[in-house]
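For reference, the structure discussed in these notes is given below.
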Amino acid sequence: MTVLIAGAGPTGLTLGIELARRGIACRLLDKAEGLFQGSRGKGLQPRTLEVFDDLGVLDAIRADGMPFPKFRLYSDTDVVWERALHEMLGLEEPKPSPDIPYPLPWLIPQWRTDEILRDRFEALGGKVEFRAEVTAVEQDDDGVRVTVNGSEVIAGDYLVGTDGGRSAVRKLLGVGFEGETYETEQTLVGDVRVEGLQGTACHMMTHAGDVTKRFSVWNLPGSDYYQLVASVPTKDIPTLEDVQELLEERTGRTDIRLHDLRWISVYRINVRMVDRFRVGRVFLAGDAAHVHSSASGQGLNTSVQDAYNLGWKLAGVIQGAPDELLDSYEGERMPVAAQVLGLSSAMHARNFRPTTGPAPAIHQLDITYRGGPLATDDRPDPQQLQAGDRAPDGMLPDGTRLFDLFRGPHFTRLVFAGPIGGYDVEPGTHVLVRPDGYIAVISDNSDTVDRWLDRLGTDPVRTMQPVGRLVPSPG
């Protein structure tokens, strides 16, 4: 069986990795000449770092990125203040803990993230097919047929559209894309070299309180380039000279020089989401399913986690699990997308000013599928950790790290002798962790786990007994 993937950005590449490491054949198609060369999605949130840990790319991500730099506000050439991201959000500085090993977001240009994911996909035997534009889609009970470049027909068992906000797959399916567009504001994003700025920061040369006159440049790790972000009144693509003129107009500074414009784009802020994530054998993921403001750094991260949620389910059904497992993709990810749309819109409107209420969870560690189609928690008195939640990291008494135990395409069955770290469970509690690191079952009864696995589980299962001994068992 073969899965076709349309779009080789972070979403499609993550999905390709998920399928390839399970031995599922896939073809990853993209209409472009090669990988995206810009820095558009540059921030990786803590939950995405955990996903990349599981996928085997975290070391490369950390080697080529850096912690988020401080935000530095200028008035002419004077620095008004410098603040870390957590200070901008009114939070205490997050610290690593046994259950949250990567509490801080990570800065890395999207082009490098794409390269790292592509390299991992290829190491697993995959290959990206560029210059392959999807121009027609047909499906029936037996499979899907995709027309590429108007002539070549490729057959597969499933198709996943990961081809961005202007998704051809979504349009060919006729799926609605409801929401709103901010007509009065366009955002300019590009990669450029900068002379005249000292230090590593998000350099904000912005007229105080006027978001229509934003002009910021971010240092990009592992590169001589900066990402520039500015609000502009027109959709016209500017030249380097236009951008230099805009910088001087907004800052009054002529000591900063821009050159070597590598990539540039102008886009309107859209807050939109599909009305369906699945149409028969075709699925939508990432920006093809939901787009929103970039203000809270959620887009790429939510997209990666769409693919992470869908990948093991596609593999499971191909390997014999019931089709209802694929239905759970929409049931779980649509509410998350709706929540993220509300979060990013609120952050955009507030222009990153500190909040007086509860801080929004941009780290995505508290995303939960509680009450969803795959969550079973039959304890009479559930504690703080419940089925559907992210499975925390932690250290078992014998020194085994839980994330090491979870890593790989399998379920993990934990039988607790008592509470450990983020697991506030009673002795004898069974916890079944899904391949994507979320809790499927918490129960006092082992039969509850067995029934869940009999119904939906096809991947191997690792079982950890209270004594800390790792016992492989069949799924």
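In this text the structure is predicted, and so the values were computed from the model without any measurement. Residue numbers run from 1 in the order of the sequence given.
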Straight-line distance of His86 NE2 to Leu91 CG, nearest 0.5 Å:
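Atom-to-atom, His86:NE2 and Leu91:CG are 8.0 Å apart.
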Positive for side-chain contact (heavy atoms from CB on, under 4.5 Å) with [X], one of [options]:
X      : options                : result
Met66  : Leu220, Ile108, Thr200 : Thr200
Tyr102 : Leu58, Leu44, Thr48    : Leu58
Leu29  : Leu159, Ile5, Val148   : Val148

Under a 3.5 Å cutoff, is there a donor and acceptor pairing between the side chains of [X] and [Y]?
X      : Y      : value
Gln305 : Thr14  : no
Asn219 : Tyr225 : no
Thr448 : Ser443 : yes
Gln110 : Lys42  : no
Asp191 : Ser39  : yes

Quick one: do Tyr438 and Val433 satisfy side chain to side chain contact (heavy atoms under 4.5 Å, CB included)? Show the steps, please.
CA-CA 6 Å; Tyr438 283 85; Val433 180; over 6 Å; no
Under the criterion salt bridge (charged side-chain N to carboxylate O under 4.0 Å, His left out), which of Arg455, Lys313, Arg278 is the partner of Glu324?
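Single salt bridge (charged side-chain N to carboxylate O under 4.0 Å, His left out) partner of Glu324 among Arg455, Lys313, Arg278: Arg455.
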Heavy-atom side-chain proximity of [X] to [Y] below 4.5 angstrom:
X      : Y      : result
Leu284 : Val175 : yes
Leu55  : Val51  : yes
His290 : Ser303 : yes
His430 : Leu414 : no
Asp140 : Arg145 : yes
Arg47  : Ile100 : no
Leu432 : Leu453 : yes
Glu18  : Pro435 : no

Could you give me the CA-CA distance, side-chain angles and deciding distance for Met334 and Met273, then say whether side chain to side chain contact (heavy atoms under 4.5 Å, CB included) is met?
CA-CA 9 Å; Met334 181 173 277; Met273 188 174 77; 4.0 Å; yes
Parallel, tilted or perpendicular, as decided by the 30° and 60° cut-offs, for the rings of Tyr329 and Phe283
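Plane angle over 60°, so perpendicular.
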Is there a side chain to side chain donor-acceptor pair (under 3.5 Å) between Arg333 and Tyr369? Walk through the geometry before answering.
CA-CA 9 Å; Arg333 294 305 296 173; Tyr369 304 132; 2.8 Å; yes
Does a side-chain N-to-carboxylate-O contact under 4.0 Å join Asp53 and Arg401?
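Salt bridge flag = yes for Arg401 with Asp53.
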Are the side chain of Gln45 and the backbone N or O of Gly43 linked by a donor-acceptor pair below 3.5 Å?
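Checking the backbone N and O of Gly43 against the side chain of Gln45, no donor-acceptor pair under 3.5 Å is found.
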Non-hydrogen atoms of [X] and [Y] that approach each other most closely:
X      : Y      : result
Asp447 : Asn445 : N-OD1, 2.8 Å
Pro101 : Pro96  : O-CB, 3.9 Å
Phe411 : Arg434 : CD2-CA, 3.8 Å

Evaluation steps, side chain to side chain contact (heavy atoms under 4.5 Å, CB included), between Val441 and Asp377:
CA-CA 6 Å; Val441 182; Asp377 194 332; over 6 Å; no
Kindly indicate whether a cation-pi arrangement holds for Arg40 with Trp111, taking the cut-offs as under 6.0 Å to the six-membered ring centre and within 45° of the axis.
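No - Arg40 does not lie over the ring of Trp111 by the 6.0 Å and 45° rule.
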Which is it for Asp54 and Phe406 under the side chain to side chain contact (heavy atoms under 4.5 Å, CB included) test, yes or no, and what are the steps along the way?
CA-CA 8 Å; Asp54 179 42; Phe406 300 161; 5.9 Å; no
Under the salt bridge (Lys or Arg N to Asp or Glu O under 4.0 Å) criterion, do Arg131 and Glu33 qualify, and how do the steps go?
CA-CA 5 Å; Arg131 297 178 292 280; Glu33 297 288 324; 3.4 Å; yes
Which residue pairs pass the ring pair (Phe, Tyr, Trp, His ring centres under 6.0 Å) test when at least one of the two sits in residues 4-51, sequence neighbours left out?
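For residues 4-51: Phe36-Trp263.
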